Amino acid sequence: MKDRGLRTFVTVLAGLAVIYFGTAGRSPEEGRGLSGGLVVLALLAALLVWHLTRPGDKTVK
């Protein structure tokens with residue numbers, strides 16, 4: 001991706017998706033709060049998306 005704004009948007013969206021699906025799958029007895037592990041997992045997902053969407057350095061000669 002060449003557009004940094006779109007890259008940032010997709011990265012944040014990936015982190016929020018991990019948080020959403022991580023809290024939506026809990027039973028009512030466990031509560032709706034965020035655990036530290038879930039936050040770390042969301043950060044790792046966002047970093048992975050940021051890394052995978054970096055622009056390539058492929059110049060054509």
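As the structure is a prediction and not an experimental result, all values here were calculated from the model. Heavy atoms only: backbone and side chains are in, while hydrogens, waters and symmetry mates are out.
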K.L.:
With sequence neighbours left out, which residue pairs that include part of residues 41-51 fulfil the side chain to side chain donor-acceptor pair (under 3.5 Å) condition?
P.N.:
His51-Arg54

K.L.:
Sort out for me which residue in Thr23, Leu13, Leu38 forms a side chain to side chain contact (heavy atoms under 4.5 Å, CB included) with Val18.
P.N.:
Leu38

K.L.:
Check Ala42 against Gly15 and note the closest heavy-atom contact, atom names and distance.
P.N.:
CB-O, 3.6 Å

K.L.:
Cluster partners of Leu52, using ILVMFWY side-chain heavy atoms under 4.5 angstrom, listed by chain and number?
P.N.:
Leu48

K.L.:
Which heavy atom of Ala46 sits nearest to which heavy atom of Thr11, and what is that distance?
P.N.:
O-CG2, 3.2 Å

